[in-house]
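Read through the structure below, which is laid out as structure tokens, and then see the notes.
This structure is a prediction, so every number in the text was calculated from the model and none was measured. First the proteins, then the strands, lettered A, B, ... as listed; each starts at 1.
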2 protein chains.
Amino acid sequence: MDKELIATNLRNHHLKVTPQRLKIVESLNTFGHLNIDMLYQEVKEAYPNVSLATVYKNIAIMTENGLLEKVKLPESKSVFEIRKEPHLHLHCSKCGKIEDISFDTEQIRAHAEAVSGYSIQSSDIVLRGVCPACQTNAKK
Amino acid sequence: MDKELIATNLRNHHLKVTPQRLKIVESLNTFGHLNIDMLYQEVKEAYPNVSLATVYKNIAIMTENGLLEKVKLPESKSVFEIRKEPHLHLHCSKCGKIEDISFDTEQIRAHAEAVSGYSIQSSDIVLRGVCPACQTNAKK
DNA sequence: CTATAAACGATAATTTTTTTCCTTAAATAA
DNA sequence: TTATTTAAGGAAAAAAATTATCGTTTATAG
Ligand SMILES: [Mn+2]
Ligand SMILES: [Mn+2]
Ligand SMILES: [Zn+2]
Ligand SMILES: [Zn+2]
């Protein structure tokens, strides 16, 4: 995802293309999932006098417009990511790494709708565990 | 779950049995899932000069001891519940109702471990949708 | 009962998030 | 291009959420 595509996406939502916004999206494009502090640090590196409020305001408006998505994690701070296909998250309890996994949630949805009568619209799945690297390290 | 069982559980974790704690657990036992504000209101009704800090401290220590569990929801404030068998949550986007559903997550776990190499320890699943009551109301 | 340590309430302090307000700069049109 | 307009930025204050402190109360062990 290059700068021009990001800019186009912003314009499609009638959002101005500012350097701060580009940097936020580029950071997410590079690192995948970042919490508010990480995002602030990233943007600050490129624009030292960016305001934390600017980061808050931008992730809020970009999330409202469906460009970004917030992922709530059981034990740690929420992270943001660029919106894409629905997927589930693996969160390493040792190093905090977050990985995306594609998974068809149709069975879950069907089961849930059958037993509850709910009409399911979306699903949020976060699995907690130990990533391969941390497993290796632990085995010492 | 009656008062005596709650008291026993608390004592098993070397936590003193106080009226405020009993009320917190009883409220959760009655309503299922409550956020911090709801819990505070509940306890306040029985003990008008309870401190909000007491509620915070109690849910924290009871959660640390595995008596309670925190459930993070995509759009709204986190709720707490009495810890029980792992289960998934249905959250109505209209009325906010939260329902428990039992579901075997073995397939998800197996798939995730296979494709990622992670060793999965736990899973958090929240489905968002419209509950039966709200579907009926909508149909007007 | 008494002694002791945990828990309480009140309050302050911290942390997190949102709002305000004035300035700056991106978008649009002349 | 240049001018106009309007959204967005930065700084700061305000609000909201959470945690810590501290003197007092109370549950529990002996
Ligand atoms: Mn993701
Ligand atoms: Mn539940
Ligand atoms: Zn790891
Ligand atoms: Zn409903």
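- Atom CG of B:Asn35 and atom OG of B:Ser78 lie 9.0 Å apart (nearest 0.5 Å).
- Between B:Lys44 atom NZ and C:dC8 atom C1' the separation is 16 Å, expressed in whole Å.
- Residues from residues 8-23 of chain B with heavy atoms under 4.0 angstrom of DNA chain C, sorted by number: B:Leu15, B:Lys16, B:Thr18, B:Gln20, B:Arg21.
- Between B:Asp124 and B:Lys72 there is no salt bridge, since no side-chain N of the basic residue sits under 4.0 Å from a carboxylate O of the acidic one.
- Between the side chain of A:Asp104 and the backbone N or O of A:Glu106 there is at least one donor-acceptor pair closer than 3.5 Å.
- With hydrogens and angles ignored, the 3.5 Å screen pairs no side-chain donor or acceptor of B:Arg128 with any backbone N or O of B:Ser93.
- Rounded to whole angstrom, the span from the CG atom of B:Asn49 across to the C1' atom of D:dT26 amounts to 14 Å.
- Per the geometry, CD belonging to A:Glu64 stands 15 Å off P belonging to D:dA7, to the nearest Å.
- Residues A:Ile59 and A:Leu10 are members of one and the same hydrophobic cluster, defined by side-chain heavy-atom contacts under 4.5 angstrom among Ile, Leu, Val, Met, Phe, Trp and Tyr.
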With a 3.5 Å cut-off and sequence neighbours excluded, list the donor-acceptor pairs that the side chains of residues 19-32 of chain A form with protein atoms.
from	atom 1	to	atom 2	distance (Å)
A:Arg21	NE	A:Asn58	OD1	2.7
A:Arg21	NH1	A:Lys16	O	2.8
A:Arg21	NH2	A:Asn58	OD1	3.2
A:Ser27	OG	A:Lys23	O	2.7
A:Asn29	ND2	A:Met1	O	3.4
A:Thr30	OG1	A:Glu26	O	2.9

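- Spacing between atom CG of B:Asn58 and atom P of D:dA27 amounts to 13 Å, rounded to whole angstrom units.
- At whole-Å resolution of the value, CE in A:Met62 and P in D:dA8 are 10 Å apart.
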Could you list all N or O pairs between the protein and nucleotides 18-20 of chain D that sit under 3.5 Å apart?
from	atom 1	to	atom 2	distance (Å)
D:dT18	OP2	B:Tyr56	OH	2.4
D:dT18	O5'	B:Tyr56	OH	3.4

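- Side-chain heavy atoms closer than 4.5 Å link hydrophobic residues (I, L, V, M, F, W, Y) into clusters, and following such links, possibly through other members, connects B:Phe103 to B:Ile120.
- Rounded to a whole Å, the CD1 atom of B:Ile59 is 11 Å from the C1' atom of D:dA17.
- To the nearest 0.5 angstrom, A:Leu67 atom CG is 9.0 Å from A:Ile82 atom CD1.
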